[in-house]
Number of protein chains: 2
Amino acid sequence: MIRVLIVDDHEVVRHGLRFVLDQEDGVEVVGDCASGERALAVIPVLRPDVVLLDMVMPGLDGLAVLRRLNDAPEAGRPAVIVLTSFLDDDRVVRAVRLGALSYLPKTTAVDRVVEAVRAAAVGGSVLEPGVAALLVERVRRGDPRRPLDLLTPREREVLAELARGRSNSEISRALRMGRETVKTHVSSILAKLGLSDRTQAAIFGLQQGLVPLDEALDG
Amino acid sequence: MIRVLIVDDHEVVRHGLRFVLDQEDGVEVVGDCASGERALAVIPVLRPDVVLLDMVMPGLDGLAVLRRLNDAPEAGRPAVIVLTSFLDDDRVVRAVRLGALSYLPKTTAVDRVVEAVRAAAVGGSVLEPGVAALLVERVRRGDPRRPLDLLTPREREVLAELARGRSNSEISRALRMGRETVKTHVSSILAKLGLSDRTQAAIFGLQQGLVPLDEALDG
DNA sequence: AAACCCCTCCCTCCACAGAGGGAGGGACAA
DNA sequence: TTGTCCCTCCCTCTGTGGAGGGAGGGGTTT
């Protein structure tokens, strides 16, 4: 029996998946929950073999849950299949890097989902064409990690300022624009890069070499 | 003749300073420019004795220019007077440490500026009361170079988590303590290191090698 | 023309962050 | 013992940060 946990903030999705999976032989949905927090709470109890994890959720999102699971790398760590409404370019890579086995758009046919669950239970992956294309494209460009070109020039400037440790007001002065505009740019940077706050953006900017580490903080 | 270069991204400021300084005997403004990049380009050519340097500029800012000047410590290195709109606590100390002779708020009376220029030409300093107070306070506290050993073991642990880009809640889980306790630690870290927010703390932690740069953000 | 992207700025709403202050318990040293 | 420092957690209060909208102008492509 493959024990499955469903994590999604949409009730319809939870019920739909449960319905589909419960009809499958050898598959048992042991629970479902609507938030990342709940998921982390119930996983140690329910001990699922496979977690179907929605990427976009209020509170702890899919990436955060994945990260958290990696933090406590116990033996019984479940396999994770990521579900998402969007083919969000960057999150695919991040999720994969964080150990997600499959990454399925919610438009995926149900039997592909089942397929992915069975594969995940034995450590295998199922990739939808769209996702595969994204990953292949990354590899083809010889670039597992430089989503910097997702950003517009102005956004890159803002990111560089973030990497220097500057606040929105400081950035607005440095780059000669309104504080509100800075916030707009910061928000799109976070969205495009799949990060959750400015600190992560700063670190990312440093990793990309946008600012030499020893020049950040005006140090 | 004291050869002066003016570096400020505000045209009004450049013109104003030039006007004032050109009226002075023995002082000659040999040029002005609007960016740090330009400044670094023209300094070897114009060979100014004194550079009036704005702190806040797009691109290379004042501190970056200072650092760059120190990198190439030629004999003809000009004396630098830092100008700024804000009495930014931390930048004062950094600028001084990087070799700025005087640090003047832009509210400074013009004859004080002239005074500072004449002083700088012979290696002297002019300090406004506000700036002086800041520096004295630093020295009084023993002006530590913000070393990690100011921090307690627990604070260093928290700082390492900050450098990974984690939120307070995530840290509280990772280190098994209350969210409030994390906030307490973060606050004392910022206070002890003279930083203004968690992003700067994260950068500092990375600079100190508390976490390898490529391991931050979960790799 | 229409569609699209980028940059700019505006708004509301809510959560987190950080300051400031209090407080208890444990370890250790004078 | 008293004092000091560390760790823990509590509280209130204010500012920033970030989400999620909308909107106008400029640029390019189709």
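All of these numbers come straight from a predicted model, not from anything done at the bench. Residue numbering restarts at 1 for every chain, and letters A, B, ... go by the order of the sequence lines.
More than 12 heavy atoms of other shown residues, nucleotides or ligands fall within 6.0 angstrom of atom CZ in A/Arg154.
Between B/Glu180 atom CD and C/dG20 atom P there is a gap of 16 Å when expressed in whole angstrom units. Rounded to an integer number of Å, the gap from CD of B/Gln200 to P of C/dA17 is 16 Å. Following rounding to the nearest Å, B/Leu190 (CG) and D/dG15 (C1') show an atom-to-atom distance of 15 Å. A/Leu159 has its CG atom 16 Å from the P atom of C/dC6, to the nearest Å. Between B/Leu175 atom CG and D/dC9 atom C1' the separation is 16 Å, expressed in whole Å. Rounded to a whole Å, the CE atom of B/Met177 is 16 Å from the C1' atom of D/dC10. Computed from coordinates, the B/Arg176 CZ to D/dC9 C1' distance equals 18 Å when rounded to whole Å. In this structure, A/Arg198 places its CZ atom 15 Å from C1' of C/dA15, rounding to the nearest Å.
If you check every strand for non-hydrogen atoms under 4.0 Å, A/Thr152 touches sugar and phosphate atoms only.
Taking side-chain N and O atoms only, A/Arg179 has no distance below 4.0 Å to OP1 or OP2 of C/dC10. OP1 or OP2 of D/dG17 sits under 4.0 Å from a side-chain N or O of A/Asn168. Regarding contacts with the backbone of D/dC6, every side-chain N or O of B/His185 stays at 4.0 angstrom or more from both OP1 and OP2.
Comparing C/dG18, D/dT8, C/dT8 against the side chain of B/Asp197 picks out C/dG18 as the nearest. Listed candidates were D/dT8, C/dA19, D/dG18. Nearest to the side chain of B/Ser187 is C/dA19. Among D/dC11, D/dT8, C/dC7, the nucleotide with an atom closest to any side-chain atom of B/Thr181 is D/dT8. Here D/dC7 is the nucleotide among D/dG18, D/dC7, D/dC9 with the atom lying nearest to any side-chain atom of B/Pro153.
When each of B/Arg173, B/Arg176, B/Arg166 is checked for a salt bridge (Lys or Arg N to Asp or Glu O under 4.0 Å) with B/Glu161, only B/Arg166 meets the rule. When each of A/Leu190, A/Asn168, A/Leu159 is paired with A/Arg198, the side chain to side chain contact (heavy atoms under 4.5 Å, CB included) condition holds for A/Asn168 and for no other.
Between A/Arg164 and A/Glu170 there is no salt bridge, since no side-chain N of the basic residue sits under 4.0 Å from a carboxylate O of the acidic one.
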Could you list all N or O pairs between the protein and nucleotides 22-30 of chain C that sit under 3.5 Å apart?
none

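Counting heavy atoms from C-beta outward, B/Leu17 and B/Asp32 have side chains that stay 4.5 Å or more apart.
Taking the nucleotide of DNA chain D with the nearest heavy atom to each of B/Lys183 and B/Arg154, the more 5' of the two is matched to B/Arg154.
B/Val158 and B/Ile171 get closest at one heavy-atom pair: O-CD1, 4.3 Å.
Between B/Ser102 and B/Ser125, the side chains place no donor N or O within less than 3.5 Å of an acceptor N or O (distance only, hydrogens not considered).
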